[in-house]
*Asks:* 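Would you mind keeping the following structure in view while I ask a few things?
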Amino acid sequence: MTASTPLPRHVAIVMDGNGRWAARQGKPRSHGHQAGSDALRRAVEAIARHGIPYMTVYAFSSENWRRPAMEVKQLLELFMRALTREVRELDEHGVRIRFIGDRSAFNAALRDGMRRAEKRTENNQRLTLNVAVNYGGRADIVRAARRLAESVRAGQLRSEEIDESIFNQHLDLGDGPEPDLLIRTGGERRLSNFLLWQLAYTELYFTEVLWPDFSAEHVDEALRDFAGRDRRFGGLGQVQNA
C-alpha cells in the first residue's frame, strides 16, 4: 500500500470463526477464543499502524447469551483477563478504549473493569477502539428511540425536530463517524445484528479466513479491496462523472 492509497476512517470487524478454528485443532472452543484475543491484538496494531483513527469490534453480542453456560462463563472470564492484561499496553500505544452495548447484564467487577479501562485511556488520540459487548443493532436503535421519547416527554425536544442526525447522536456510536469498511471473517455473509443503522453505506468485505488466523497481511488485503471500491452514496460514481 502507498501513502496515496485511500483509507477508511473507521473499520468495523465481526470476529467470526473462533469455535470452528478450535475444532479444526482438536481443542475446546475456549482455546479458539484465546487465539481470537491474540488476533484482535494483531488487528489493532495493524489498524493503528495505518493511521486509521476508529475501529469497532463485535466482541459479545446480545445473542451470545444463548450459547452453553460454560462457554459464556469462559468468554466473560477471558474478557476480564484481557481487560487486566491488555489495557496497559493499549494505553502505552495511544489507544482509547470505549465499550458500547448494554452493560447491565454483566457483574459489578466486569462493569468496574470497563469503567477503569475507559477512564485510563480517555485522553488517548491515536486510535479509538470501540468494543461492542452485550450489543445488538436492533436494541441500539430501540435505546436511541427511548432516549428521544424521554427528551420529548421532558420538554427538551420537539418531535418534529427529530431527524437522522439527531437520531444518530443518540446511538451508541453517536459521537464518532460511521464505519467506512466492515470486515467479517469466517466465511459468513451477514451482519448478525451488528451496527444496523451505522452500516447503511458501509463497504462490506467478507473473507473465509477464521478469526484466529487473521493477520496484519489480511488487514492489508481488506484495505486494498476497499481502496478499489467506487463509493457513490446514492449518487453517480467516478466513471459516470468522468
*Asks:* With hydrophobic residues grouped by side-chain heavy-atom distances under 4.5 Å, do V11 and L127 end up in a single group?
*Replies:* yes
*Asks:* Return the CG to OG distance between D16 and S192, rounded to the nearest 0.5 Å.
*Replies:* 7.0 Å
*Asks:* Should we count CZ of R103 as having more than 12 external heavy atoms under 6.0 Å?
*Replies:* yes
*Asks:* Is it the case that atom CZ in R85 sees more than 12 heavy atoms from other parts of the structure closer than 6.0 Å?
*Replies:* yes
*Asks:* Run the side-chain contact (heavy atoms from CB on, under 4.5 Å) test against R143 and tell me which residues pass, sequence neighbours left out.
*Replies:* D102, Y135, A139, D140, R147, D172
*Asks:* Does the side chain of I52 come within less than 4.5 Å of P8's, by heavy atoms?
*Replies:* yes
*Asks:* Rounded to the nearest 0.5 Å, how far apart are CG of L148 and CD1 of I162?
*Replies:* 4.5 Å
*Asks:* So do V131 and I100 actually touch side chain to side chain, heavy atoms under 4.5 Å?
*Replies:* no
*Asks:* Show the numbers, then the answer: is there a side-chain contact (heavy atoms from CB on, under 4.5 Å) between L83 and L110?
*Replies:* CA-CA 9 Å; L83 273 176; L110 191 50; 3.8 Å; yes
*Asks:* Give me the atom names and distance for the closest heavy-atom approach of L182 to L191.
*Replies:* CD2-CD2, 3.6 Å
*Asks:* Could you walk me through whether E188 and R184 pass salt bridge (charged side-chain N to carboxylate O under 4.0 Å, His left out), step by step?
*Replies:* CA-CA 7 Å; E188 303 292 353; R184 178 164 187 159; 5.6 Å; no
*Asks:* Testing the basics here: between P6 and A227, what is the closest heavy-atom pair and its distance to 0.1 Å?
*Replies:* O-CB, 3.7 Å
*Asks:* Report yes if the side chains of Q198 and L171 come closer than 4.5 Å at any heavy-atom pair, otherwise no.
*Replies:* yes
*Asks:* Are any of the side-chain heavy atoms of I13 and M55 separated by less than 4.5 Å?
*Replies:* yes
*Asks:* Say you draw a straight line from CD of Q125 to CG of N123; how long is it, rounded to the nearest 0.5 Å?
*Replies:* 7.5 Å
*Asks:* Go through the steps to decide whether T185 and V14 satisfy the test side-chain contact (heavy atoms from CB on, under 4.5 Å), and finish with yes or no.
*Replies:* CA-CA 7 Å; T185 63; V14 177; over 6 Å; no
*Asks:* Identify the heavy atoms of V72 and N64 that sit nearest to each other, and give their distance.
*Replies:* CG2-O, 3.4 Å
*Asks:* Is the shortest heavy-atom distance from the side chain of N193 to the side chain of R138 under 4.5 Å?
*Replies:* yes
*Asks:* Quick one: do E45 and R42 make a salt bridge, cutoff under 4.0 Å?
*Replies:* no
*Asks:* Kindly say whether V209 contributes a backbone atom to a donor-acceptor pair with the side chain of T207 at under 3.5 angstrom?
*Replies:* yes
*Asks:* I need the minimum non-hydrogen distance between F106 and L76, along with the two atoms involved.
*Replies:* CE2-CD2, 3.7 Å
*Asks:* Taking all atoms of both residues into account, what is the closest heavy-atom pair of G136 and S62, and its distance?
*Replies:* CA-OG, 3.7 Å
*Asks:* Kindly say whether G51 contributes a backbone atom to a donor-acceptor pair with the side chain of R126 at under 3.5 angstrom?
*Replies:* no
*Asks:* Looking at side-chain heavy atoms only, is the closest gap between N130 and I97 below 4.5 Å?
*Replies:* no
*Asks:* Take V219 and F214 through the side-chain contact (heavy atoms from CB on, under 4.5 Å) test and state the conclusion after the steps.
*Replies:* CA-CA 8 Å; V219 171; F214 200 71; 3.6 Å; yes
*Asks:* First locate atom CD of E63, then atom CG of N134, and finally report the distance between them rounded to the nearest 0.5 Å.
*Replies:* 9.0 Å
*Asks:* Just checking, is any N or O donor in the side chain of H50 or D220 under 3.5 Å from an acceptor N or O on the other one?
*Replies:* yes
*Asks:* How long is the span from the CD atom in Q156 to the CZ atom in R153, to the nearest 0.5 Å?
*Replies:* 10.5 Å
*Asks:* Is it the case that the side chains of H33 and S30 hold a donor-acceptor pair, with the cut-off being a distance below 3.5 Å and no angle test?
*Replies:* no
*Asks:* Can a salt bridge be assigned to the pair R98 and E118 using a cut-off of 4.0 Å between side-chain N and carboxylate O?
*Replies:* no
*Asks:* Would E221 and Y205 count as a side-chain contact (heavy atoms from CB on, under 4.5 Å) if you check the C-alpha gap in whole Å, the side-chain angles of each, and the deciding distance to 0.1 Å?
*Replies:* CA-CA 10 Å; E221 288 177 12; Y205 178 86; 4.0 Å; yes
*Asks:* More than 12 heavy atoms of other residues, nucleotides or ligands under 6.0 Å from CD of E164: yes or no?
*Replies:* no
*Asks:* Are any of the side-chain nitrogens in R146 or E150 under 4.0 Å away from the carboxylate oxygens of its partner?
*Replies:* no
*Asks:* Does the side chain of R81 come under 3.5 Å of the side chain of S37 through a donor N or O and an acceptor N or O?
*Replies:* no
*Asks:* Considering only heavy atoms from C-beta outward, does the side chain of Q74 approach that of R29 to under 4.5 Å?
*Replies:* no
*Asks:* When you compare the side chains of D175 and Q169, does any donor N or O come within less than 3.5 Å of an acceptor on the partner?
*Replies:* no
*Asks:* Please determine, by modelled atom types, if T56 and H10 share a side-chain donor-acceptor pair under 3.5 angstrom.
*Replies:* yes
*Asks:* Hey, what do you get for CZ (R96) to OH (Y54), rounding to the nearest 0.5 Å?
*Replies:* 7.5 Å
*Asks:* Surrounding CZ of R111 (heavy atoms of other residues, nucleotides or ligands, distance under 6.0 Å), is the total greater than 12?
*Replies:* yes
*Asks:* L129 and L223: same hydrophobic cluster, using ILVMFWY side-chain contacts below 4.5 Å?
*Replies:* yes
*Asks:* Which class fits the ring pair H31 and W21: parallel under 30°, tilted 30 to 60°, perpendicular over 60°?
*Replies:* parallel
*Asks:* Looking at side-chain heavy atoms only, is the closest gap between F167 and I141 below 4.5 Å?
*Replies:* yes
*Asks:* Group every Ile, Leu, Val, Met, Phe, Trp and Tyr by side-chain heavy-atom contacts under 4.5 Å, then state whether Y58 and L173 land in the same group.
*Replies:* yes
*Asks:* Donor-acceptor pair, Y201 side chain versus P179 backbone, under 3.5 Å?
*Replies:* no
*Asks:* Mark yes when over 12 heavy atoms from residues, nucleotides or ligands other than R88 sit less than 6.0 Å from its CZ; otherwise mark no.
*Replies:* no
*Asks:* So, are R9 and D180 salt-bridged, with charged N and O less than 4.0 Å apart?
*Replies:* no
*Asks:* What are the two closest heavy atoms between N18 and W211, and how far apart are they?
*Replies:* OD1-CD1, 3.4 Å
*Asks:* Using the ring pair (Phe, Tyr, Trp, His ring centres under 6.0 Å) rule, pick out the option among F79, W65, F99 that qualifies with F60.
*Replies:* W65
*Asks:* Quick check: is F206 connected to L181 through a chain of hydrophobic side chains (ILVMFWY, heavy atoms under 4.5 Å apart)?
*Replies:* no
